[in-house]
Peer 1: 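Can you read through this structure? Questions will come right after.
A, B, ... follow the sequence lines: proteins, then strands. Residue 1 opens every chain.
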Amino acid sequence: MAKSTSSDAQMLIRSLRTAYAATPTNLKIIDVYVVYAIVTAVIQVVYMGVVGSFPFNSFLSGVLFCVGTAVLAVCLRIQVNKENKEFKDLPPERPYADFVLCNLVLHLVIMNFLG
Amino acid sequence: MWWLLNSLNIPLSVETVCVFTAPIFSANAAWATYLLTKEVKGTGAGLTAAALLAMVPSYISRSVAGSYDNEAVAIFALILTFYFYVKTLNSGSLFYATLNALSYFYMVCSWGGYTFIINLIPMHVLLCIVTGRYSSRLYIAYAPLVVLGTLLASLVPVVGFNTVMTSEHFSSFLVFVIIHMVALVYYIKGILSPKMFKVAMTLAVTIGLTVCCAVIAIFIASVASSPTKGWSGRSLSLLDPTYASKYIPIIASVSEHQPPTWPLYFVDINVLAFLVPAGIIACFSPLSDASSFMILYLAISAYFSGVMVRLMLVLAPAACVMSGIALSEAFDVFTRSIKFQAGDINSESSIAQNDVSNVDSNATTDKSETVSKEPSRKNHEKEKEQEIVKKVTSKSQNGKKLLVLPQEVSAVVILLLIALGGFYVGHCVWTTATAYSAPAIVLKSYTPDGLRVFDDFREAYAWLQHNTDVDDKVASWWDYGYQITAMANRTVIVDNNTWNNTHIATVGAAVSSPEKAAWEIFNSLDVKYVLVVFGGLVGYPSDDIDKFIWMVRIAGGVFPHIREQDYLRDGRYHIDAHATPTMLNCLMYKLSYYRFVETEAEGFDKVRRTEIGNKKFELTHFEEAFTTEHWMVRIYKLKLPKNRIQGKLKNKSSSETYSSNQTRARNTRRNPWQ
């Protein structure tokens with residue numbers, strides 16, 4: 001039972017890897033950015049755990065900003081992905097423009113909240 | 001806005017801006033309703049819904065010219081936020097998601113009811129996921145809103161860190177996590193083969209369950225450690241309607257926080273009340289994300305409006321949208337059937353004419369194509385026309401489930417619907433004129449001998465303004481705080497905006513205590529005048545004796561020596577001979593009924609409809625300063641403390657002027673420098 005699950009797990013990981021390698025490069029770049037943002041968020045949480053949560057608003061803004069850019073990048077990826085049928089009626093530059101605009105707003109808010 | 005207008009060189013005073021802010025925003029709200037309903041159903045429904053919202057009495061009550069309350073703006077922000085949310089759902093563009101977050105920020109700035117949005121939208125997302133309507137547009141609509149919205153809400157000082165600390169926002173975070181998991185599942189499903197997906201699922205489930213249990217355990221422990229489980233008082237009173245009356249009497253005492261009566265539903269949203277169920281059904285026929293959102297919004301707001309009258313305001317836009325949808329669908333069906341009937345009869349009677357327009361009216365384009373192909377063949381025209389007519393009738397009978405009703409019925413129904421609209425307009429106008437636009441300060445009543453105007457409030461405030469010093473402080477119940485400040489221009493102890501419970505409880509304790517204790521409290525607050533509203537002579541029902549219940553309760557919440565039981569006899573408040581001695585001796589009783597027996601009513605209280613218990617008594621620590629014409633407002637002055645004369649046992653006479661003259665005379669005699 002355990003052996004089958006572990007072999008299943010290995011097969012699973014292998015198939016995941018092959019499937020993922022098939023994604024086009026620009027999507028992979030976005031994925032790297034997402035991973036980077038989340039890692040930064042984790043580092044901030046660990047730092048807060050070590051140092052203590054004063055000032056709380058800076059911590060909050062830092063973490064939420066990382067999560068925010070990650071989310072926005074995922075949205076961008078969804079919209080840019082050619083396999084997604086739902087976004088045919090939007091012009092192709094629109095997702096990038098939206099992404100830039102939303103990030104601008106996010107930056108503004110964060111800088112206000114950073115204290 | 002005043003600043004903006006002034007910078008554009010339009011000279012308006014601040015008051016003008018204040019007065020007209022609310023109607024401007026209600027106009028904007030009607031436009032926002034149009035946009036929202038257009039997203040849900042279509043332009044026809046949008047127009048109807050906007051017209052309905054423009055007149056619904058519930059919203060007008062908050063947005064009359066002159067009511068500078070924040071709810072007129074807040075409802076506009078609410079509808080706008082919902083519009084952007086639905087637009088993002090429908091289009092999937094991040095641009096609208098950003099606008100959504102920004103208008104949510106506007107909502108947070110304007111009203112505490114923003115928690116409604118931040119809980120309704122996660123609930124809708126959850127509903128969509130559970131009913132299998134997950135799509136990437138849902139993710140785009142929701143996830144940026146949560147992050148940006150939380151950040152923006154934290155910017156508002158009143159909310160601050162509450163966004164991540166209180167339970168009111170937890171649902172948004174929870175659903176945020178859930179939607180990520182669902183998105184991940186869908187993504188993996190997309191790139192893996194089905195067999196592998198099964199394996200992934202079993203693995204994920206086993207690992208995920210253990211992790212989930214650990215996280216939930218930690219979460220519950222942290223939440224249960226706080227006494228109110230993290231919810232604020234406001235939300236708790238909404239979820240458990242009996243909470244406020246048990247723990248926070250001040251919230252329970254506001255008359256707007258009581259549950260509404262059934263007739264009030266009809267007064268406030270009138271005809272919409274029975275158009276709403278029709279709208280719900282119309283929303284179900286093509287069930288899209290947007291229409292499921294509207295149904296959820298309506299259901300939740302209907303529940304909450306049953307808890308508190310004030311929240312009828314939140315129900316109003318939902319009701320308008322639903323009824324707009326219902327009305328426009330109804331009109332659609334009936335006009336379509338009329339058009340179809342008219343087209344049918346025309347084509348039967350005029351077979352010679354090749355009338356493309358008649359066939360077009362049957363709403364299928366391929367029929368018009370077949371007709372347009374035919375006009376060249378004139379010799380077969382007659383048979384073709386008949387064939388086309390037969391095709392038309394048969395196609396319309398078994399095609400696309402188009403509802404067709406007999407022509408007379410639809411004409412009658414359309415006339416009836418228009419009449420219904422007329423009733424609605426008439427009712428709205430009448431309600432607005434009588435209930436919501438009369439200034440509550442000048443009262444009028446229609447007696448058999450004509451109109452009788454009670455101008456007592458303004459009389460009292462004018463007296464205060466002209467006969468007291470500028471620095472004199474006036475104590476009254478908080479309902480009148482704003483009026484006294486604005487019209488009499490005197491400092492008050494508590495007014496309508498006081499949220500410090502102890503403050504109000506102090507005033508309540510003062511009026512519930514006997515005279516000497518009350519005098520002590522008022523003197524410590526440096527109060528000079530006490531103002532009491534009394535309706536017993538003319539039958540004005542909401543005077544201070546009526547509100548006395550709440551004064552005692554609120555005071556009892558902070559000062560334990562004031563027990564509500566002391567004032568009750570058989571569980572009820574009395575002011576007649578059955579009243580308890582505590583009641584008969586408390587300040588409110590004395591100030592209200594002082595010298596009441598000398599009036600023509602001879603001690604008969606018209607509001608309570610009994611004779612008062614303690615009829616003849618003297619006030620020892622207060623003196624009557626002013627009573628208005630109909631005895632509705634009574635102002636009392638605190639008597640100065642009796643001068644303590646050292647040594648000699650002076651006969652303490654009642655007029656302090658005499659004793660103060662004496663002391664003054666004595667002092668000048670004892671002046672060592674002369």
Peer 1: Do the non-hydrogen side-chain atoms of Pro144(B) and Cys102(A) ever get within less than 4.5 Å of each other?
Peer 2: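 With C-beta onward as the side chain, the pair stays apart.
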Peer 1: To the nearest 0.5 Å, tell me how far Leu152(B) CG sits from Leu108(A) CG.
Peer 2: 10.0 Å
Peer 1: Kindly indicate, with the supporting measurements, whether the criterion side-chain contact (heavy atoms from CB on, under 4.5 Å) is fulfilled by Thr98(B) and Asp98(A).
Peer 2: CA-CA 9 Å; Thr98(B) 321; Asp98(A) 286 344; over 6 Å; no
Peer 1: Given a strict heavy-atom distance threshold of 4.5 Å, which part of Phe105(B) is in contact with chain A: side chain, backbone, both, or neither?
Peer 2: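 Contact with chain A: none, neither part.
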Peer 1: Heavy atoms only: give me the nearest Leu64(A)-Val147(B) pair and the separation to one decimal.
Peer 2: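 That would be O-CG1, 3.4 Å.
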Peer 1: Measuring from Leu148(B):CG to Leu72(A):CG, what's the distance to the nearest 0.5 Å?
Peer 2: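 Leu148(B) CG to Leu72(A) CG: 6.5 Å, rounded to 0.5 Å.
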Peer 1: Are any of the side-chain heavy atoms of His180(B) and Val71(A) separated by less than 4.5 Å?
Peer 2: yes
Peer 1: Which bit of Phe176(B) comes within less than 4.5 Å of chain A, counting heavy atoms only: side chain, backbone, both or neither?
Peer 2: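 Side chain only.
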